[in-house]
Number of protein chains: 2
Amino acid sequence: MIIQLRLTSMLIERSINIMTKTKIKDTRRQQLIQASLESIAELGLQNTTILTISRRAGLSSGIISHYFGGKQGLIEAALRYLMAQLGQDLRQRLQQGEVSPEQRLNAIIEANFTDFQRSDLATRTWLSFWARSMHEPGLQRLQQINNARLYSNIRYAFALKLNAEAATDAARQLAAMIDGFWLRSALSLDPQEGFSAGERLCKQFALTALAEGT
Amino acid sequence: MIIQLRLTSMLIERSINIMTKTKIKDTRRQQLIQASLESIAELGLQNTTILTISRRAGLSSGIISHYFGGKQGLIEAALRYLMAQLGQDLRQRLQQGEVSPEQRLNAIIEANFTDFQRSDLATRTWLSFWARSMHEPGLQRLQQINNARLYSNIRYAFALKLNAEAATDAARQLAAMIDGFWLRSALSLDPQEGFSAGERLCKQFALTALAEGT
DNA sequence: GACGAAGTTGAATGATCATTCAACTTTTGT
DNA sequence: ACAAAAGTTGAATGATCATTCAACTTCGTC
C-alpha cells in the first residue's frame, strides 16, 4: 500500500518535473534564438558574440552552452528557425484551396517576400548564413536543403503546364531571380523598394514563362 | 659646377629610388592580395587571419600593416581587385566591335560567367564580401558601386530596343537572375554545372525579353 | 521550513588574433 | 667598400572571445 503510493507519487512528480523542465527549456531556447537573430541583424554574424546574445536575452553567458552545447549549436538552431518560418509561410499559402499553376507560383513568390522575410532581421541573417555555410558543413547542408526545396516547389508548378525541359529551365530561372532580388535588395540602400519591385517582377516573369509554353 | 652635379645626381637618385620603391611596393601588394584571395577561398573570410595570408605569400605578418595599414585595408584592396577584374573582362568584350543589343547583353553575361569569375577563389570571396559589407561601410560602398554598374550596363542594352519602363523591368530581372545563379551555384555541390546552366539561361532570358518588347 | 533537484550565474581559463616596433637584412648610390 | 635608405622580420602586447564549472538561487515536494 505504502509502496504503491510512493511509486505513484514518484511517477507524478517525475512527469511534472519533465513537463516543467521542457517548458522552461523551450522558452529559454526560443529567447536565445530570438536574441541571436537580433544580434546578427544588428551587428552581423561576425560581430555577434555569446555576450551580445545573452545580454540581449537578459540571461548570462553560460546559459548558451547549457542549452545549445555552444555558440555553434545556437547559430544552427537560429538558421533552422528561419527555414521553418519560410516553410510555414509557404504551406499556409498553398493550403488555401489554390490549385492553378499561376496561383501556386504566386504563393511561392509571396512566401519568399513576406513581411518577415524582408525584415532586416531576416535578410541580414540569411546573408550571413549564406557566406558562412561555404565553410561550415552543418550550415551548408541546411542551405542546400532549402535551395532544393525552393527549386522543386517551383518546378512542380511549372510542370503542370510546361513540358519537362521547359519546366526545368523556367524553374531554375525563377529560383535564381528570387534569390537574386533578395541579395540585391539586402545590399541596397532602400531594401523595401527592392523587395516590392522584386515580388512584382518575379510574378511577372512567372506569368510570362507559363504563357510561353502554350 | 659641383653643386650642379650634386643636385642632378640627387634628382636621379631620388627618381630611381621612387621607381624601385613603387615597383617593389606593387609587387608586394599584388602578392598579398593574391594570397588573401586564396586564403578567403580556402578558409573563408571568417577564418582568414593575417598569419594565413602572410604565410601563404611567403612573407612575415608585419608586412601587411606596412603595405595596407592593417588587415582591413588589405581586404578592401582584394575586393577592389575582383571588381577591377570584372570591369576589365567586360570592357574587353564590349570593345570588339559588337554593337547590337543582343551581342551587348551576351557580352555582359559572359563577363559575369568568366572562368575566373566562376573559380572557387572568386565565388567564395564574393560571397564573403557580400555578407560582411552589410556591416562595414567601406565594403558596402564598393558593393553598391558594383551592383549599380551591372544594372546600368544591362539597362542601357535593353533600352536600345525597349521602351523605358520595359527596359528597367527587364534589366532588374536579368541583374537579379545573374546574381541569383551566382549565389545558387556557389552554394551548390556542383558549382560548374550551375554556372554553365546559369550562363545559358540568362542568355535565353535576355533574348526572350528583347523579343517581347517588339 | 528544509531538503534535493533544476536552473542560472559569471569569474577564471586558455586560446586566438591584429597591431606595433626595435632589430635585422638587403639594396642602392657613391 | 661603405654608409644610408629601403625593406622585412617576428616576438611582445593587449584585446577579444568561447567555454567551463564551482557556487549560487529558485522551485517543487514532503
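Below, chains carry the letters A, B, ... as their sequence lines are ordered, and counting in each starts from 1.
Counting to the nearest Å, the C1' atom of dT20(D) and the CD1 atom of Ile50(A) are 11 Å from each other. In this structure, Lys71(B) places its NZ atom 8 Å from C1' of dA18(C), rounding to the nearest Å. Rounded to a whole Å, the CD atom of Gln72(A) is 15 Å from the C1' atom of dC17(D). Atom P of nucleotide dT8(D) and atom CZ of Arg29(B) are separated by 13 Å, given to the nearest angstrom. One interatomic measurement links the two molecules: CZ of Arg55(A) to P of dA18(D), which rounds to 13 Å at whole-angstrom precision. Rounded to whole Å, the distance from CG on Leu51(B) to P on dA11(D) is 11 Å. When the P atom of dG7(D) is taken as reference, atom CD of Gln31(B) falls 13 Å away, rounded to whole Å. In this structure, Leu59(A) atom CG and dC24(D) atom P are separated by 21 Å, rounded to whole Å.
A distance-only check finds a donor-acceptor pair linking the side chain of Ser54(B) to the backbone of Ile50(B) [under 3.5 Å].
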For Glu110(A) and Lys203(A), what are the C-alpha separation, side-chain angles and deciding distance, and is it a salt bridge (Lys or Arg N to Asp or Glu O under 4.0 Å)?
CA-CA 9 Å; Glu110(A) 282 167 13; Lys203(A) 287 183 179 176; 2.8 Å; yes
Under the ring pair (Phe, Tyr, Trp, His ring centres under 6.0 Å) rule, what do Phe181(A) and Phe113(A) come out as? Steps first, then yes or no, please.
CA-CA 10 Å; Phe181(A) 271 116; Phe113(A) 288 97; 7.1 Å; no
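Closest heavy-atom contact between Leu79(A) and Leu139(A): CD2-CD2, 3.6 Å.
Side chain of Thr49(B), nearest nucleotide from dA18(C), dT8(C), dT20(C): dA18(C). In this structure, of dT8(C), dA18(D), dT19(C), it is dT8(C) that holds the atom nearest to the side chain of Arg28(A). When distances are taken from the side chain of Ile63(A) to each of dT9(C), dA18(C), dT9(D), the shortest belongs to dT9(C).
Annotation: of the two residues near DNA chain D, His66(B) and Ser61(A), the 5′-most nearest-nucleotide partner is His66(B).
A sub-4.0 Å separation between OP1 or OP2 of dT8(C) and a side-chain N or O of Tyr67(A) is present.
Across all strands, Ile64(B) comes closer than 4.0 Å to no nucleic acid atom at all (heavy-atom distances).
In this structure, the separation between CZ on Arg155(A) and CG on Leu174(A) is 13.5 Å, given to the nearest 0.5 Å.
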